[in-house]
Amino acid sequence: MVETQQTAVASKTMLDVRGLKMYFPLTRGVILQRTIGYVRAVDDISFTIERGQTLGLVGESGSGKTTIGRTLIRLYKPTAGEILFEGEDLAKLHGEGLRQMRRRVQMVFQDPYASLNPRFTIGSLVSEPMHIYKLGTAKEIRERTEELLRVVGLRPEYIDRYPHEFSGGQRQRIAVARALSINPELVIADEPVSALDVSIRAQVLNLLQRLQQQFHLTYLFVSHDLSVVRHVADRIAVMYLGKIVEIADRDELYTAPKHPYTRALLSAVPIPDPKIERQRQRIILSGDLPSPINIPAGCRFHTRCPMAQSICREIEPKFEAKEGREHYAACHFAEKVTPV
Ligand SMILES: Nc1ncnc2c1ncn2[C@@H]1O[C@H](COP(=O)(O)OP(=O)(O)OP(=O)(O)O)[C@@H](O)[C@H]1O
Ligand code: SF4
Ligand SMILES: [Mg+2]
């Protein structure tokens, strides 16, 4: 790819998210609807992603990971905050500006069975975005579609087949080809391998990594599984109940966590050595994730935190730098958190 002057001078930071909130209103009444509260799915989060890097986003089910992804591609209008993409605030875009931005930021969804319309051939599915953005003649688009199928490891002869003729792993390759068809710069991959058989997860992960090199892609990689994220991410952000509670370089997060929630997640990642695995302490969190409609006061993790003290019920810990500028955590007792 020929590097344009624009990309050559572009800053290292591709995405700079500041104070992002996504609240869904809860309403009551049929004709006269009243708002009676909010689901605070994403509750004031900030993070950056450097060009060409992968940020892994982890957290248990319901923590707000998908909502972040959907808000970044502006399927939702954020309640508050800025989404600076190459310095331009995506949160403020609409109309043609939004349409052009959507070319540059694409999302791959978790379930390749639900995300591909069964009534279309894979050729139409992969080429549709190129037709929407008028990226060439019909012949050029067909040729590029065949090329994209090759790039993701599928035979171009499959172009006129339908999604039901493919396995889960192959479908996810089709979804990836579709996302890449319009040359995006940032790809949000929302649990791209969770719905797949364990045996083919590695293949799809390897494909995503190869494509990142080949097309200079930047990834936000969402997963509830820290062992998957470890393979792909440069930095990792840990989410709990709508907030990022810790963010650090991958190795630092694994070796020196600064938040008890991260520590609990790490303790559940299996280690291949059975001897070490047997001796390890596994931290079982009590209770369920509280509702994002009724977020606990103070530190939102205090209802489940094994290290909680009375201050935690009253004062919300600041999300601040711990050990160097690149490692942030929100815990009053971060310095007491030990490695797993
Ligand atoms: N459109 C919506 N309207 C109301 N509430 C929503 C909406 N979308 C998500 N939520 C709520 O927001 C919270 C976060 O959901 P989200 O899907 O972002 O979590 P997640 O981390 O992706 O979970 P999972 O791992 O299960 O995919 C949940 O409580 C969910 O019920
Ligand atoms: S602030 Fe308190 S409750 Fe919150 S994570 Fe730290 S120790 Fe646990
Ligand atoms: Mg999700």
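All ligand and atom numbering here is 1-based and tracks the order in the structure. These numbers come from the heavy atoms of this one structure, side chains and all, not from hydrogens, waters or symmetry mates.
- In terms of protein heavy atoms, atom 12 (O) of ligand 1 is closest to A41 CB, 3.3 Å.
- Taking every heavy atom of F333 and a limit of under 4.0 angstrom, the matching atoms of ligand 2 come to 7 (S).
- Between F301 and H259, the gap from one ring centroid to the other is short of 6.0 Å.
- The backbone and the side chain of C331 each have at least one atom closer than 4.0 Å to an atom of ligand 2 (non-hydrogen atoms only).
- Counting heavy atoms under 4.0 Å from ligand 1, residue H224 does not touch it at all.
- Side chains of Q100 and L93 form no contact here, defined as non-hydrogen atoms less than 4.5 Å apart.
- Taking the six-membered ring wherever Trp is involved, the centroid distance between the rings of F24 and Y76 falls below 6.0 Å.
- If you check which protein heavy atom lies closest to atom 7 (C) of ligand 1, you get F24 CE1, 3.4 Å.
- Remark: ligand 2 atoms within the under-4.0 Å shell around heavy atoms of F301 are 5 (S).
- Among all non-hydrogen protein atoms, the one lying nearest atom 19 (O) of ligand 1 is G64 N, 3.3 Å.
- For atom 4 (Fe) of ligand 2, the nearest non-hydrogen atom of the protein is C299 SG, 2.3 Å.
- Using modelled atom types and a 3.5 Å distance limit, the side chains of S115 and R171 yield no donor-acceptor pair.
- In terms of protein heavy-atom proximity, atom 14 (C) of ligand 1 is closest to G62 O, 3.5 Å.
- Summary of contacts: the protein heavy atom closest to atom 8 (Fe) of ligand 2 is C305 SG, 2.3 Å.
- Look at D43 and K21 and you find no salt bridge, because none of the NZ, NE, NH1 or NH2 atoms lies under 4.0 Å from a carboxylate O.
- Inclusion of T66 in the first shell of the Mg ion (ligand 3) is supported: an N, O or S atom falls under 2.8 Å.
- Of the listed options D225, V42, T67, T67 places a heavy atom closest to atom 18 (O) of ligand 1.
- The ligand atoms of ligand 2 that sit less than 4.0 angstrom from a heavy atom of H259 are 5 (S).
- Atom CZ of R102 is separated from atom CG of L90 by 10.0 Å, given to the nearest 0.5 angstrom.
- Proximity of E191 to ligand 1 is established by a heavy-atom distance of less than 4.0 Å.
- With respect to E146 and R144, no salt bridge is recorded, no charged nitrogen being found less than 4.0 Å from a carboxylate O.
- Heavy-atom separations between G59 and ligand 1 are all 4.0 Å or longer.
- For atom 25 (O) of ligand 1, the closest non-hydrogen atom of the protein is K65 NZ, 2.9 Å.
- L253 places a side-chain heavy atom less than 4.5 Å from the side chain of V238.
- Ring geometry, Y38 versus Y23: the interplanar angle falls from 30° to 60°, so the pair is classed tilted.
- Using a 4.5 Å heavy-atom cutoff, the side chains of R250 and R230 are in contact.
- Between R142 and D160, at least one side-chain nitrogen of the basic residue sits less than 4.0 Å from a carboxylate oxygen of the acidic one, meeting the salt-bridge criterion.
- Contacts between S63 and ligand 1, counted as non-hydrogen atom pairs separated by less than 4.0 Å, involve both the backbone and the side chain.
- In the vicinity of C312, heavy-atom distances shorter than 4.0 Å reach the ligand 2 atoms 1 (S), 2 (Fe), 3 (S), 7 (S).
- Relative ring orientation between H164 and Y162 is described as parallel, the plane-to-plane angle staying below 30° on a 0-90° scale split at 30° and 60°.
- For a threshold of 3.5 Å applied to N or O pairs, the pair formed by S61 and ligand 1 contains at least one separation below that value.
- For atom 29 (O) of ligand 1, the closest non-hydrogen atom of the protein is P292 CG, 3.2 Å.
- Within ligand 2, the atoms closer than 4.0 Å to a non-hydrogen atom of M307 are 7 (S), numbered from 1 in the order shown.
- Considering each of L75, V39, V222, the one bringing a non-hydrogen atom nearest atom 11 (C) of ligand 1 is V39.
- The closest protein non-hydrogen atom to atom 1 (S) of ligand 2 is H332 N, 3.3 Å.
- Classification of K139 and E143 as a salt-bridged pair holds, one side-chain N sitting under 4.0 Å from a carboxylate O.
- Taking a distance limit of 4.0 Å, we find that atom 31 (O) of ligand 1 is approached by no protein heavy atom.
- By heavy-atom distance, the residue among L26, T66, L289, V58 lying nearest atom 27 (O) of ligand 1 is T66.
- Using modelled atom types, one finds no donor on one side chain facing an acceptor on the other under 3.5 Å when comparing H302 with Q309.
- Checked options L208, D234, L55; the residue passing with Y219 is L208 (criterion: side chain to side chain contact (heavy atoms under 4.5 Å, CB included)).
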